[in-house]
Amino acid sequence: MRDWLAALESPGRCLALIEQAKGRCACPHCGNARCHRSGHANGLQRYRCIACRHSFNALTGTPLARLRHRDKCLPYFQCLIESRTVRAAAERVAVAKSTSFRWRHRFVAAVRREEPPTLKSIVEADETYVLESQKGSRHLDRPPRKRGGRAACRGISQQHECVLVARDRGATTHAVHAGRGEPDAERLLRYLKPVLARDALLVSDGAAAYPRFAKLAGISHRAINVRAGEYARGAIHVNGVNGWHSRFKTWLRCFCGVASRYLANYAGWQMILDAAVLTIPEHWLRAAVAPLQQERP
Ligand SMILES: [Zn+2]
């Protein structure tokens with residue numbers, strides 16, 4: 001384990017992995033596959049495109065382009081895998097706290113930017129709420145709350161950020177920050193419809209927006225009446241999505257409150273961790289530097 005960590009921290013290995021993760025050399029400016037090697041810069045091979053004459057390296061056009069201290073990105077990915085705090089990650093990797101914070105969001109955003117999944121067969125959907133937070137903002141647009149604040153009124157209101165989660169029985173999950181307060185059918189159309197297979201069966205609790213949405217979207221729908229104490233009717237339940245919610249809420253506590261404007265990243269980060277597909281720093285690196293599909297002709 002120690003050897004493995006030491007290897008991670010060797011800058012040469014990190015840079016070699018970046019080159020490797022990028023795979024074949026194609027020009028990020030014009031897509032041409034024919035290019036010359038043209039020296040090294042900052043430890044990375046530079047290439048020059050034969051067609052458009054632009055030069056580039058393995059990170060050009062990826063979210064990690066022009067990253068300083070790029071040799072530290074693998075150990076930083078390990079910190080993300082371990083859900084370390086900004087301060088703990090800064091100490092572990094030896095960067096400033098401000099860099100640690102920037103990297104957290106830049107790297108998570110880089111890795112979660114892929115195409116959203118398609119959820120198939122039985123798909124559970126439900127929302128969870130996080131109290132709106134302007135943590136880190138210089139100017140509050142409301143009076144400040146005391147520490148560990150609460151909403152000013154009971155129930156779900158515009159002071160609650162909505163995280164909409166949909167999960168199929170194959171455990172493929174889509175979590176999205178879907179604005180504030182309870183979503184209506186229009187918002188479900190915007191956030192939920194794009195990830196549902198056409199022949200999916202949507203399962204929700206009794207919230208009125210779901211049957212309306214299902215009708216508008218032409219999706220089959222069943223609801224269970226949680227308020228009346230009904231938790232499952234055979235395969236019709238939302239246990240999978242509620243389990244995800246509870247793991248998300250527990251995990252969020254590591255960070256002592258997160259700013260609303262970063263909530264999408266936290267939801268994406270938890271999606272990555274919970275899916276347990278990217279389990280080592282190299283997986284994260286590959287995902288972060290993989291070319292964006294929609295950018296390629
Ligand atoms: Zn080119």
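We count ligands from 1, going down the list as the structure has it; atoms in each ligand are counted the same way. Keep in mind that what you see is a predicted model, and the values were worked out from it rather than measured.
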Listed partners of R46 passing side-chain hydrogen bond (donor to acceptor under 3.5 Å, both in side chains), at least two apart: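 R46 satisfies side-chain hydrogen bond (donor to acceptor under 3.5 Å, both in side chains) with S55 only.
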With a 4.0 Å cut-off on N to O distance, would you call E124 and R169 a salt bridge?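 Salt bridge flag = yes for R169 with E124.
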Starting from the C-alpha separation in whole Å, work towards a yes-or-no answer on side chain to side chain contact (heavy atoms under 4.5 Å, CB included) for L201 and R222. CA-CA 7 Å; L201 171 66; R222 298 280 179 284; 4.0 Å; yes
For the backbone of K120 and the side chain of D168, can you confirm whether one donor and one acceptor N or O come within less than 3.5 Å of each other?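 Yes: the side chain of D168 pairs with the backbone of K120.
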Hydrophobic clustering (ILVMFWY, side-chain heavy atoms < 4.5 Å, transitive) - are V165 and L189 grouped together?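 The answer is no; the residues belong to distinct hydrophobic clusters.
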Would you kindly say whether Y129 and E127 are connected by a side-chain donor-acceptor distance under 3.5 Å?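 Result is yes, a qualifying pair exists.
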Using a cut-off of 2.8 Å, find all protein N, O or S atoms closer to the Zn ion (ligand 1) than that distance.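 Counting only protein N, O or S atoms under 2.8 Å from the Zn ion (ligand 1), the list reads C27 SG, C30 SG, C49 SG, C52 SG.
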